[in-house]
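The next block holds one structure in the form of structure tokens; read it before the comments.
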There are 2 protein chains.
Amino acid sequence: MKTNQEILVQNGVSPSIQRLKIFSYLKATKSHPTAYTIFNDLKDEIPSLSKTTVYNVLKLLIAKRLVQEVRIEGNELRYDAEVREHGHFKCDVCGEVSDVFLNQPLNLLLNHSYEVKEIQFNITGVCKSCLTKK
Amino acid sequence: MKTNQEILVQNGVSPSIQRLKIFSYLKATKSHPTAYTIFNDLKDEIPSLSKTTVYNVLKLLIAKRLVQEVRIEGNELRYDAEVREHGHFKCDVCGEVSDVFLNQPLNLLLNHSYEVKEIQFNITGVCKSCLTKK
DNA sequence: TACAAATTTAGAATAATTCTAAATAATTTC
DNA sequence: GAAATTATTTAGAATTATTCTAAATTTGTA
Ligand SMILES: [Mn+2]
Ligand SMILES: [Mn+2]
Ligand SMILES: [Zn+2]
Ligand SMILES: [Zn+2]
């Protein structure tokens, strides 16, 4: 299995400490954090870290298709290092954002009169755990 | 066919001039405008209109499920009075956002371990017209 | 008309992101 | 390996979208 450092290098990204830590952080989590959360969680490990760097690195990783933006509610932007085609579910009660994989790619349901670059789908509602608590 | 005024009243929204014009504007367009575009396009017709009112009315119409937010790129929020389940395609070249309807509801493809409130799907790429121009 | 409730308004406050220019770090050239 | 060049990070200012706030206006009711 490739290391995160190798993935960066193979995609033409020189693996600075900041880039590697941000990418590894995203690879290790399924929580779909916001830029602010990423910054906040990493600033102890990299005391010099600046918010601008977080935004710069995210933009770079997105351009390289190693990370995707998740837009599921309001104008809150979240980030995800899982870039295989999948969707998201956000629970209105507990706020958690989880992955949703379909049996067949959404792609196949579309009339292809355009060139597709990115597909996302997002669902909101109430999650199982919050449903049973009620 | 119901008038927009009737739709508002039936959903418990008193039809002020501002509410009616904003709702009618959205009903009449397929362009998925932003709050700023709505404000800008209506301020000649309603010279007193304030941006706050646009935001207030949009929030109210969303709560009543008469309008939905479309989040297709970055943190740009667009609004849509088409509330039947459908998705969106945004062309990276010309920037246009158009509707995408599926043959079968996305709903059916999901394992229902949660209570679904809203489903959205968004596609980016290059539209037919921009493809042929190249 | 007079009072109360609902709605709109302008502008201030907030929050997320981008911009800018300087500082630091890494790489290349001599 | 010092000096020059290039890449990356940084702090803080600027910008932008949205929300908040409190006053003004409009609408409905007694
Ligand atoms: Mn995901
Ligand atoms: Mn639409
Ligand atoms: Zn939940
Ligand atoms: Zn196009």
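Given the structure is predicted, the values throughout are model-derived calculations rather than measurements. Letters A, B, ... mirror the listed sequences (proteins, then strands); counts begin at 1.
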Starting at [atom1] of [X] and ending at [atom2] of [N], how long is that distance when rounded to a whole Å?
{"X": "A:Y55", "N": "D:dT15", "atom1": "OH", "atom2": "P", "result": "18 Å"}
{"X": "B:L77", "N": "D:dT16", "atom1": "CG", "atom2": "C1'", "result": "13 Å"}
{"X": "B:Y36", "N": "D:dT18", "atom1": "OH", "atom2": "P", "result": "13 Å"}
{"X": "B:F39", "N": "C:dT8", "atom1": "CZ", "atom2": "P", "result": "14 Å"}
{"X": "B:N75", "N": "D:dA17", "atom1": "CG", "atom2": "C1'", "result": "8 Å"}

Within-4.5 Å side-chain heavy-atom neighbours: [X] and [Y]:
{"X": "B:C91", "Y": "A:Y114", "answer": "no"}
{"X": "B:E76", "Y": "B:K90", "answer": "yes"}
{"X": "B:I119", "Y": "A:F121", "answer": "no"}
{"X": "B:V116", "Y": "A:V126", "answer": "no"}

Under-4.0 Å salt bridge between A:R71 and A:E69: yes
Presence of salt bridge, A:R84 and A:E82, under 4.0 angstrom: yes
A:R78 and A:S31 side chains, donor-acceptor separation under 3.5 Å: no
Any donor-acceptor N or O pair under 3.5 Å, side chains B:S24, B:N4: yes
Test item: B:H32 side-chain N/O and B:V97 main-chain N/O as donor-acceptor pair under 3.5 Å: yes
Plane angle bin for A:Y36 and A:F39 - parallel if under 30°, tilted between 30 and 60°, otherwise perpendicular: tilted
Passing option when B:R19 is tested against B:N56, B:L60, B:L61 for side-chain contact (heavy atoms from CB on, under 4.5 Å): B:L60
Members of residues 43-54 of chain B that approach DNA chain D, where some heavy atom sits under 4.0 Å away: B:T52
Stretch residues 6-30 of chain A: residues that reach within less than 4.0 Å of DNA chain D through a heavy atom: A:S14, A:S16, A:Q18, A:R19
Strand-adjacent residues in residues 56-73 of chain B, judged by heavy atoms under 4.0 Å from DNA chain C: B:N56
